[in-house]
Amino acid sequence: MTHLTALALALFLDALVGDPRWLPHPVRGMGKLIASLDRRWNNGTKRKAKGVAALVVVLAVVYGLSALAVAAGYAVSLYVGVAVESVLIFTAIATKSLAVAAEEVRRPLEAGDLSKARQALSMIVGRDTERLDEAGITRACIETVAENTSDGITAPLFYAAIGGAPLALLYRAVNTCDSMIGYKNERYREFGWAAARFDDVLNYVPARLTALVMVLVFGGRRLRAALAILFRDARRHPSPNSGWLEAAMAGLLGVQLGGTNTYGGLVSVRPTLGDAVVPLCPAHIRRAVAIMIGTVLVFAFLLWIGGMIVAMASAWGESARAL
């Protein structure tokens, strides 16, 4: 029950203040630790083993410190413990900041200012943005909103419901490791192997649950078509998890995502997801953000209901044993 209460308060905090730049953020500390280990250990031989060790160190530090903070809070009082846990879970999710970042792309795009839209987009995607046209900018923004609905929000909420703030922050640490070192280039192919694989494992269930919630809640008249596209196209994506979110969003919007991207000047051709029922336009970004927010709220509600059922079943079991 304390985890569920903290989860609800964390969502309220995120909606209220988002991710202000002045607020100290655990992810920045994680990033500094990962960068330090990268500089020290990502060299010479046995890079895969060193990468495993780096991941273990990061997870041990993050989980240990967060568990210590939560335990200290609950040692003071129940209310202090819930407050500490709420703040920590709040730092692991990014609903408002993702919505704001997408809007910062959409507004100049609708005004015809492609240069400003590209600049805003470059802050939230890893691909090259300098030469993207309106459709390319729109597609990239929608894809990152879809993917981060799970990566940045529902997945940490999922783990918060299971194990509270320490598990939510452990997930965030794995996700941060993957975003920093989980690449398949020469430098990180071995050193980032463990981070990339563990991130895939942790996202497996949340990504699929999130995609299903997304389609079932927002499918409407397109429900059958969106479900068909989800199960047809999700596995086409090179990521075992991101494809579920992008295929779900493509099916709901009636657009086609995927295709050719460039990263550091290198061309990456990916399979397309969805059918181009309508051409991509900036208005689809607004719709994608609305779908993201609605999906998060429904997902959190389902976590709350599931947690309540588990708590009541546990209480009844204890009562039965006492009798």
Side-chain angles (χ1 to χ4, degrees), residues 10-11 14-15 18-19 25-28 30-31 89-106 120-127 129 137-160 168-169 171-180 182-183 195-196 199-200 202-215 217-218 230 234 237-253 255 257-258 261 263 270 273 284-300:
L11 280 171
D14 182 60
D19 184 19
H25 203 292
V27 172
R28 298 190 187 103
M30 295 175 196
I89 296 172
F90 153 69
T91 65
I93 59 178
T95 313
K96 185 172 183 178
S97 60
L98 180 59
V100 169
E103 284 297 294
E104 288 177 350
V105 175
R106 182 191 63 80
L121 179 65
S122 69
M123 304 300 292
I124 58 173
V125 301
R127 73 192 67 180
T129 62
I137 295 170
T138 300
R139 176 170 69 84
C141 188
I142 291 172
E143 287 172 356
T144 197
V145 168
E147 180 180 351
N148 282 290
T149 300
S150 178
D151 282 5
I153 313 167
T154 58
L157 289 177
F158 177 82
Y159 288 106
L169 285 173
Y171 166 81
R172 174 55 64 210
V174 173
N175 193 247
T176 305
C177 283
D178 179 56
S179 67
M180 291 182 66
Y183 300 105
D199 183 72
D200 288 343
L202 290 186
N203 276 302
Y204 190 90
V205 172
R208 285 153 180 78
L209 290 178
T210 303
L212 286 171
V213 169
M214 188 180 287
V215 171
V217 171
F218 291 97
L230 176 64
H237 198 283
S239 164
N241 300 313
S242 298
W244 286 82
L245 285 308
E246 293 185 22
M249 189 68 79
L252 292 173
L253 297 178
V255 301
L257 303 177
N261 303 319
Y263 299 87
R270 298 180 176 182
L273 309 176
H284 286 124
I285 297 176
R286 188 194 296 273
R287 176 62 176 160
V289 170
I291 290 172
M292 177 270 289
I293 293 173
T295 299
V296 169
L297 293 176
V298 173
F299 191 91

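A heavy-atom distance below 4.5 Å is not found between the side chains of Thr295 and Met292. Counting heavy atoms from C-beta on, the side chains of Tyr159 and Pro206 come closer than 4.5 Å. Residues Ile285 and Val145 fail the side-chain proximity criterion, which asks for heavy atoms closer than 4.5 Å. Between Leu121 and Cys141, some side-chain heavy-atom pair lies under the 4.5 Å cut-off. Two residues are said to be in side-chain contact when any heavy atoms from C-beta on lie closer than 4.5 Å; Leu157 and Ile93 meet this criterion. Put simply, the side chain of Arg208 reaches to within 4.5 Å of the side chain of Asn241, judged on heavy atoms. Between Ile153 and Thr210 there is no side-chain heavy-atom pair separated by less than 4.5 Å. Taking the side chain as every heavy atom from C-beta outward, Phe218 and Arg287 approach each other to under 4.5 Å.
Side-chain N/O atoms of Tyr171 and Asn203 include a donor and acceptor closer than 3.5 Å.
Within a 6.0 Å radius of OH in Tyr204, no more than 12 heavy atoms belonging to other residues, nucleotides or ligands are found.
The minimum heavy-atom distance linking Glu104 with Ala120 is given by the pair O-CB, 3.5 Å. Of all heavy-atom pairs between Leu245 and Ser150, the closest is CD2-CB, 3.8 Å.
Atom CD of Glu147 sits about 11.0 Å away from atom CD1 of Ile124, to the nearest 0.5 Å.
Between Phe158 and Phe299, the ring-plane angle classifies as tilted under the 30° and 60° cut-offs.
With Arg139 contributing its side chain and Gly258 its backbone, the two residues share a donor-acceptor pair below 3.5 Å. Without hydrogens or angle criteria, Asp14 side chain to Lys96 main chain gives a donor-acceptor distance under 3.5 Å.
The residues Glu143 and Arg270 are annotated as not salt-bridged, no charged nitrogen and carboxylate oxygen being separated by less than 4.0 angstrom.
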